[in-house]
Amino acid sequence: MATLQKCGSLDRLCYDVGGRMIGTSVLHQPYILSPPEGQPQTTELNLSLKLKEQECLLLLRRCKNMEELKQAHAQVLKWGFHQSPYCASNLLTVCALSNWGSMDYARNIFRQIYEPGTYEFNTMFRGYVRDFKMESALFLYCEMSERGIEPNKFTYPVLLKACARLSALEEGMQLHAHGIKLGFEDDLFVQNSLINMYGKCGKIEASSAVFEHMDQRDIASWSGITAAHNSLGMWRECLNLYMDMASEGLCRAEESTFVTALSACSHLGALDYGRIVHGSLLRNISELNVIVQTSLIDMYIKCDCIDKGICLFERMVEKNQLSYGVMISGLAMHGRNREALRVFSELLEEGLEVDDVIYVGVLSACSHAGLVDEGHHYFSRMKFEHGIEPTIQHYGCMVDLMGRAGRLTEALDLIRSMPIEPNDVIWRTLVSACKVHQNLEIGEIAAKSLKQLNSDNPSDYVILSNMYAEAGKWENVARIRTEWHYKTSTQTPGFSLVEVKRKVYKFVSQDMSHANFQDIYEMIHQMEWQLKFEGYSPDTSQVLVNVDEEEKKQILKAHSQKLAIAFALIKTSQGAPIRISRNLRMCNDCHTYTKFISVIYQREITVRERNLFHHFKDGACSCRDYW
DNA sequence: GGAACACTGT
């Protein structure tokens, strides 16, 4: 049998006309096949060896599963070609990258390769990343550096992807530096990967810097930069980027870019934009895939077009778990809880997998609808029938479910028996329920636990102080107010978004930053008269500033939601619906105010509050004042 | 041989 030898000298190769060189490009080292001992190196022998090697390659490439591969591997070993760089590399690629391959097997082969080069390392990186073994990939890169093997331009994208998935900023930055040193910073794929890596690590400035410095951008560059903004909650920026891309006309958008843009529309409640994206989707993509369709449904639902969402959902030929998930939580958001549960049973009938997210939707539908027994039923079914361990979110839903129904002791027992540490959301849910049901005893327990978590949420103090006020415990109210004052600086700024003529405007409380803020305040002033005439009186109980009553009223008047409504009234035609989206729960006064506006100006006003829609029409709200 | 996408409780 022939053996493989490393051939150090090119001279020898030149002399050895019949002997052949294998894989110089791969290993940067020439190799020859030597004849069995005592036999001369003849052209015939080399030809037959070459043919044999080809046979090995074919054998490896034909494999369709691990069993076949193992057999082929055994044959290659028998023929003595396992050291041939071609054969070894092919074997490695098949193991690491085929759908049925095994990375463990690949690792063994890799270890047996005489001198693995950049190509073999890259193959291993790709295999590891594909198998979500990011640490292993980065670890192997260290070995590569120690061995002094030069990475090439294919090395960086895959490793940057590993960093992106791990949110490993430090490693990512190191790779960036190495890439620059080796002169790969101008490679399009490296740049795209950098955009993505920095985005996933939350370093949007770094991500944008790479994007800005690119000479040419392709669709992936745009895709990456929009996704980076989207995942960090910078939805307006994301949409602006999408529009830039569309208007530049240099790239034809692909499905992924549409999906990102639609996600931004969902979060912003930007229906007009959503429609534009839908339009270009129909123009550019002939057949919409499941992901795009699901995103469209999600967008319509979150932009208050629930019926359009349902219509698209029903027309879908192929639905997956996520499509159902979007529909279930969407229906729950709009208070159509029975329908949500019906869709859930359809999902089960379809025989699709159920996951924890779907159950969050199901349980929240039960809690909104006050279906206590059903909620308990689904909760235990989730654990015992589907083997899903409840997460903090499921417990949150259960606490909400029992809390709304006034079963406060049960809710507290559940929190105490939870195998997970309760978070601030859980306690806050219970505090709110205690306030509604005026249970001071449990309320105090919950409030104490909430305070221990130091979550700096100003609304906690409002609920607490209101709870004490209703019970007439004024010393406690005073104490809470002082404590609150101390925390003022750390509160999250609330904002309202409103879409007017395809542009999304953001308002914060007391906002003076808009170009036409004077018109807006003038409008607020006019509205005040109308409101007074209709019998509205401001409710300052939730104004969280320690000032006198008159000043409180002034502050109340310029809450972000009111500014957004005033702006929309000025800028839209009579009777047009107004859609507002906010990051925080609205205060009682804004709720009452909006009800009055809906009747005075004859407008339908929808306010989206995180995951709940308030639909104001003719002076009433769809939540029936309980939210 | 390389990059990118959707759903989560107050």
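By convention in this document, chain letters (A, B, ...) are assigned in the order of the sequence lines, proteins followed by strands, and residues within each chain are numbered from 1.
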When you measure from the side-chain N and O atoms of A/H229 to the phosphate of B/dC5, is any distance below 4.0 Å, counting only OP1 and OP2? no
A/Y198 side chain near A/M173 side chain, heavy-atom distance below 4.5 Å: yes
Can you tell me if A/F154 is stacked onto the base of B/dG2, using a 5.5 Å centroid cut-off and an angle below 30°? no
Is A/N122 touching bases, backbone alone, or none of the nucleic acid, heavy atoms closer than 4.0 Å? base
Within this structure, what is the CG-to-P distance between A/L331 and B/dG9, rounded to whole angstrom? 14 Å
Would you say B/dA4 has OP1 or OP2 under 4.0 Å from some side-chain N or O of A/N192? no
Within the modelled atom types, does a donor on one side and an acceptor on the other bring the side chain of A/S256 and the base of B/dA4 under 3.5 Å apart? yes
On the nucleotide B/dT10, are OP1 or OP2 found under 4.0 Å from the side-chain N or O atoms that A/H394 carries? no
What's A/E254 touching, base or sugar-phosphate or nothing? Going by heavy atoms closer than 4.0 Å. base
Taking the ring of A/F110 and the ring of A/F121, is the distance between their centroids below 6.0 Å? yes
Within the 4.0 Å heavy-atom criterion, would you say A/I392 contacts the bases, only the backbone, or no part of the nucleic acid? base
What is the nucleic acid contact for A/V158, judged by heavy atoms within less than 4.0 Å: base, sugar-phosphate only, or nothing? nothing
Using 30° and 60° as the class limits, which term best fits the ring planes of A/F379 and A/Y395: parallel, tilted or perpendicular? perpendicular
Checking A/Y273 against A/Y242 for the ring pair (Phe, Tyr, Trp, His ring centres under 6.0 Å) test, could you report, in this order, the C-alpha distance in whole Å, the side-chain angles of both residues, the deciding distance, and whether it holds? CA-CA 10 Å; A/Y273 273 120; A/Y242 170 81; 8.6 Å; no
side-chain N/O A/K153 vs B/dG1 OP1/OP2, d < 4.0 Å: no
Tell me what A/T260 touches on the nucleic acid: a base, only sugar-phosphate, or nothing, going by heavy atoms under 4.0 Å. sugar-phosphate
Between the base of B/dG2 and the side chain of A/D187, is one N or O donor paired with an acceptor at under 3.5 angstrom? yes
If only side-chain N and O atoms of A/K319 are considered, is one of them under 4.0 Å from the OP1 or OP2 phosphate oxygen of B/dA6? no
A/S295 side-chain N/O to A/I291 backbone N/O, donor-acceptor pair under 3.5 Å: yes
